[in-house]
Amino acid sequence: RGMHDVLPEDSPRWQAFEEKIMQLMHAYSYREIRTPIVESTDLFFRSIGEVTDIVEKEMFTFEDRNGDRLTLRPEVTASCVRAGIQHGILHNQISRLWYMGPMFRHERPQKGRYRQFHQLGVEAFGIADADVDAELIIMSSRLWRELGLKDLRLELNTLVSAGSRTTYRDVLVEYLEKHRDQLDEDSLRRIYKNPLLVLDSKNPEMQAVIENAPDLHDYLDEESVEHFELLKVYLDAAGIPYTVNPRLVRGLDYYCKTVFEWVTESLGAQGTVCAGGRYDGLVEQLGGKHSPAAGFAIGMERLLSLMEETGVAFQEKPIDIYLMPVTSADIERAVKLAESLRD
């Protein structure tokens with residue numbers, strides 16, 4: 001359940017989409033990386049965080065014949081960092097990478113969301129300035145234009161920098177402790193390990209508690225404020241409208257500073273089509289030398305569903321030449337002629 005086939009009649013849509021992606025990545029000088037579908041389970045524990053929904057509930061994990069714990073990748077940012085450290089392509093250099101392929105999460109299947117799903121991801125390493133955050137958002141905006149999508153809107157927020165979380169964390173924990181009776185089981189478990197993830201809860205019964213929580217923007221460090229203001233200047237210059245959503249935190253441990261989502265009302269409850277942000281501490285967290293980083297990921301099934309819902313279609317490539325042998329004696333000549341034309 002939750003796995004699906006892409007049948008021959010659907011393949012042209014995927015191929016046209018993938019071709020658009022490859023052209024876009026080439027235009028922005030991002031290079032493709034292909035990582036294994038299976039990684040050590042520990043990689044995702046250390047990067048995504050042990051108290052996230054992905055690690056606690058959604059990963060496909062198993063033991064191999066040597067007794068090693070392995071996981072079908074739920075995302076590829078951690079794999080990119082692991083590969084970058086292993087092959088020495090991150091430290092003291094700029095690396096712009098992209099990837100595309102299947103991911104696995106044991107979620108409740110619904111329209112545009114599967115247990116095996118495909119994702120486009122883009123990661124930029126070695127650039128600390130807000131210009132690369134803007135580049136990623138501008139790149140995704142260009143993709144919507146080239147696909148003919150018009151009803152996507154950008155939500156934007158900033159978190160405190162990786163080194164300045166303690167003050168807000170303490171204030172948030174104190175607030176959540178006073179409202180324990182209104183928290184669900186997941187949130188109670190996360191109060192002390194990662195209280196920011198409580199703000200990412202989609203439980204409707206907790207929205208009042210979340211809305212009244214201390215405002216993260218009141219506790220931002222100077223570095224995060226300056227970074228965010230500069231990002232907004234770049235987006236304004238590029239003519240990209242956005243809404244600042246102070247409750248947007250993203251459901252992964254490694255984000256800091258910029259976080260963003262492209263959302264739509266056309267897909268029901270699963271409205272996020274593209275999401276990303278900055279994760280300056282992740283390379284160091286996984287054993288590498290410090291390297292600032294930012295990226296985003298797009299659910300490909302969800303984006304194709306959005307195109308279908310809004311009536312956007314890819315132009316199918318027509319047949320250029322059709323050969324028709326009139327008699328059986330013409331078949332041999334037709335086969336030779338077809339091959340010479342292909343040559």
Side-chain angles (χ1 to χ4, degrees), residues 49 51-53 129-130 132-134 136-138 140-141 152-180 182-184 186-187 190-238 240-265 269-281 294-297:
V51 293
T52 56
D53 280 347
D129 300 329
V132 80
D133 305 37
L136 292 166
I137 292 171
I138 291 167
S140 54
S141 177
L152 285 160
R153 73 173 194 279
L154 175 63
E155 293 194 351
L156 198 63
N157 194 24
T158 183
L159 309 179
V160 290
S161 62
S164 306
R165 292 193 179 194
T166 308
T167 304
Y168 179 68
R169 185 185 182 282
D170 292 346
V171 171
L172 182 58
V173 168
E174 186 179 345
Y175 169 80
L176 294 173
E177 284 178 330
K178 292 176 182 175
H179 296 83
R180 292 181 67 93
Q182 299 175 58
L183 302 182
D184 59 21
D186 286 342
S187 299
R190 290 167 180 170
I191 287 180
Y192 304 108
K193 290 187 176 179
N194 196 334
L196 243 69
L197 291 188
V198 176
L199 302 181
D200 193 50
S201 172
K202 302 300 186 287
N203 184 344
E205 295 177 6
M206 283 183 44
Q207 294 313 301
V209 177
I210 293 170
E211 284 298 320
N212 293 314
D215 190 339
L216 175 63
H217 287 193
D218 294 336
Y219 297 87
L220 290 176
D221 54 292
E222 188 177 341
E223 182 186 349
S224 297
V225 172
E226 288 179 0
H227 191 96
F228 195 49
E229 291 305 314
L230 195 53
L231 171 60
K232 290 191 286 185
V233 168
Y234 292 142
L235 295 179
D236 290 340
I240 296 177
Y242 55 84
T243 301
V244 176
N245 177 359
R247 299 301 177 195
L248 178 61
V249 296
R250 302 292 305 132
L252 302 174
D253 266 6
Y254 51 62
Y255 282 114
C256 65
K257 294 183 182 172
T258 305
V259 287
F260 65 89
E261 290 185 354
W262 287 96
V263 297
T264 178
E265 272 74 49
Q270 301 302 326
T272 302
V273 171
C274 168
R278 183 163 280 279
Y279 50 96
D280 291 341
F296 69 76

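Because the structure is a prediction, the values reported are computed rather than measured.
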Measure the spacing between [atom1] of [X] and [atom2] of [Y] and express it to the nearest 0.5 Å.
X	Y	atom1	atom2	value
Asp184	Glu205	CG	CD	8.5 Å
Ile191	Asp186	CD1	CG	11.5 Å
Gln182	Asn203	CD	CG	11.5 Å
Arg169	Leu216	CZ	CG	14.0 Å

Restricting to non-hydrogen atoms, name the atom on [X] and the atom on [Y] that form the minimum distance, rounded to 0.1 Å.
X	Y	result
Ser224	Leu159	OG-O, 3.3 Å
Leu220	Val225	CB-CG2, 3.7 Å
Tyr219	Val171	OH-CG1, 3.5 Å
Val173	Pro195	CG2-CG, 3.8 Å
Tyr279	Gly295	CE2-N, 3.7 Å
Ala213	Leu172	CB-CD1, 4.2 Å

Could you tell me whether a side-chain N or O of [X] sits under 3.5 Å from a main-chain N or O of [Y], the two making a donor and an acceptor?
X	Y	value
Asn245	Glu155	no
Arg247	Glu211	yes
Tyr168	Asp218	no

- Message: Among residues at least two apart in sequence or on other chains, which ones pass side-chain contact (heavy atoms from CB on, under 4.5 Å) with Asp236?
- Response: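 In terms of side-chain contact (heavy atoms from CB on, under 4.5 Å), with neighbours along the sequence ignored, Asp236 is linked to Tyr242.
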- Item | Candidate pair Val263 and Thr272, rule side-chain contact (heavy atoms from CB on, under 4.5 Å), full reasoning | CA-CA 4 Å; Val263 297; Thr272 302; 3.8 Å; yes
Any side-chain heavy-atom pair of [X] and [Y] under 4.5 Å:
X	Y	result
Ile137	Trp262	yes
Leu183	Arg190	no
His179	Asn212	no
Leu156	Leu235	yes

- Count the heavy atoms of every other residue, nucleotide or ligand shown that sit under 6.0 Å from CD of Glu174, and state whether that count exceeds 12.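 It does not: Glu174 CD has 12 such atoms or fewer within range.
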- Item | Worked verdict on Arg278 versus Val132 for side-chain contact (heavy atoms from CB on, under 4.5 Å) | CA-CA 10 Å; Arg278 183 163 280 279; Val132 80; 3.1 Å; yes
- Message: Can a side-chain donor-acceptor contact be found between His227 and Asp133 if the only test is distance below 3.5 angstrom?
- Response: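 Yes, His227 and Asp133 have a side-chain donor paired with an acceptor closer than 3.5 Å.
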- Kindly indicate, with the supporting measurements, whether the criterion side-chain contact (heavy atoms from CB on, under 4.5 Å) is fulfilled by Lys257 and Leu231. CA-CA 11 Å; Lys257 294 183 182 172; Leu231 171 60; over 6 Å; no
- Derivation and outcome, side-chain contact (heavy atoms from CB on, under 4.5 Å), residues Asn157 and Glu261: CA-CA 9 Å; Asn157 194 24; Glu261 290 185 354; over 6 Å; no
